[in-house]
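Heads up, the thing below is written out as structure tokens.
Start at 1 and go down the list; that is how both ligands and their atoms are numbered.
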Amino acid sequence: METVKQSIGIFDSGYGGLTVFKSIAAKLPQYNYIYFGDNARAPYGDHSFETVYQYTLECVEWLFAQGCPLVILACNTASAKALRTIQQKILPLKYPDRRVLGVIRPTAEVIGGFTKSNTVGVLGTRGTVNSNSYSIEIGHFFPDLKVVQQSCPMWVPLIENNEHNSPGMDYFITEYLDELMAKATDIDCILLACTHYPLLIPKLKNYLSENITLLAQGDIVADSLVDYLDRHPEIESKLGKEGECKFYTSGDREKFNTNASLFSEHEVNAVHVPLKS
Ligand code: DGL
């Protein structure tokens with residue numbers, strides 16, 4: 001009998017989730033993966049809760065239809081605005097055997113280990129920052145930690161349009177970093193709470209003192225997935241182990257292939273998926 005190869009689904013509004021996928025695939029190369037970027041509707045950062053929820057649910061259901069028993073929302077905005085409703089309302093009713101995990105909780109669980117001053121800066125989209133998800137989640141694990149947030153609404157549009165090395169990017173980097181640092185002078189760890197932002201690390205370093213740790217989420221999420229699969233053999237046992245990676249985008253596949261190479265070491269040959277709206 002032919003065995004069905006089930007994949008881990010990785011979802012982001014666009015390319016950003018590839019920074020997380022890269023770490024996951026490095027730590028867990030044996031599994032099969034399906035990456036889905038909703039590039040046609042990115043960025044999600046300024047959309048309402050309802051819109052991000054509808055878009056995310058549609059993409060998660062598409063990944064379920066491809067047979068994924070487990071989907072990682074490799075997007076902070078979707079994790080902040082859609083994850084809880086999907087986990088609490090949709091899965092028990094429609095997909096009791098499937099699981100969806102986000103990126104906020106695994107980050108909140110470990111962030112206290114990266115600061116000595118007990119003050120962390122969180123940079124994210126407007127959606128993530130306004131949801132206050134990081135302050136709330138970090139407060140559960142590190143109640144004494146001070147969380148200072150700054151939204152960076154121009155960063156994702158510039159990155160999605162491959163402008164992250166342009167001089168215009170520097171303008172918006174200094175603008176948001178200055179606003180963040182003006183809120184607390186003792187920040188010694190800055191969390192890049194948007195999976196697109198690791199692409200900006202070389203530029204960000206030019207504007208920050210060396211004693212500030214820039215924290216990207218890829219390895220944190222990957223470690224948390226290793227742990228999750230250890231603790232959940234009922235999900236792990238369903239996963240195919242051929243090391244296959246497939247890429248899908250709701251946007252233009254040629255553009256996805258070119259831009260994805262900036263984020264991922266994998267060869268990307270994406271397939272276009274038409275979505276409803
Ligand atoms: N990578 C997404 C995140 O982590 C980008 C959000 C957007 O599309 O604005 O939040």
Open item on the list: Applying a heavy-atom cut-off of 4.0 Å, say which part of Thr195 lies close to ligand 1: side chain, backbone, both or neither.
Closed with: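 Both backbone and side chain of Thr195 come within 4.0 Å of ligand 1.
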TODO: Give the contacting part of Val103 toward ligand 1: side chain, backbone, both or neither, where contact means a heavy-atom distance below 4.0 Å.
DONE: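 Val103 to ligand 1: no contact under 4.0 Å from either part.
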TODO: Quick one: look up the protein heavy atom nearest atom 7 (C) of ligand 1 and list residue, atom name and how far away it is.
DONE: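 Looking at atom 7 (C) of ligand 1, the protein heavy atom closest to it is Tyr44 N, 3.2 Å.
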Task: Protein heavy atom at shortest distance from atom 10 (O) of ligand 1 - done: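 The closest one turns out to be Thr77 OG1, 2.7 Å.
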Open item on the list: Parallel, tilted or perpendicular: which one describes the rings of Tyr55 and His47, with boundaries at 30° and 60°?
Closed with: perpendicular
Open item on the list: Does the plane of the ring in Tyr228 sit parallel, tilted or perpendicular to the ring in His232? Use 30° and 60° as the thresholds.
Closed with: parallel
Task: Candidate list Phe247, Trp62, Tyr248, Phe64, test ring-ring contact (aromatic ring centres under 6.0 Å, His included), partner Phe36, passing option - done: Trp62
Atoms in ligand 1 flagged as close to [X], the criterion being non-hydrogen separation under 4.0 Å:
X: Ser13; value: 5 (C), 6 (C), 7 (C), 8 (O)
X: Gly45; value: 7 (C), 8 (O), 9 (O)
X: Asp12; value: 1 (N), 2 (C)
X: Thr125; value: 6 (C), 9 (O), 10 (O)

Task: Residues, nucleotides or ligands: over 12 heavy atoms within 6.0 Å of Lys255 NZ - done: yes
Task: Check: Glu160 and Tyr15 side chains under 4.5 Å, non-hydrogen atoms - done: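 Sidechains of Glu160 and Tyr15: in contact.
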Open item on the list: Check this for me - ligand 1, His196, N or O atoms closer than 3.5 angstrom, yes or no?
Closed with: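 So ligand 1 has an N or O lying under 3.5 Å from an N or O of His196.
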TODO: Check if Gly14 has a non-hydrogen atom at a distance under 4.0 Å from any atom of ligand 1.
DONE: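 Under 4.0 Å: no for Gly14.
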- [ ] Taking only Lys NZ, Arg NE, NH1 and NH2, and the carboxylate oxygens of Asp or Glu, determine whether Lys183 and Glu179 approach each other closer than 4.0 Å.
- [x]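 No salt bridge links Lys183 with Glu179.
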- [ ] Group every Ile, Leu, Val, Met, Phe, Trp and Tyr by side-chain heavy-atom contacts under 4.5 Å, then state whether Ile212 and Leu123 land in the same group.
- [x] yes
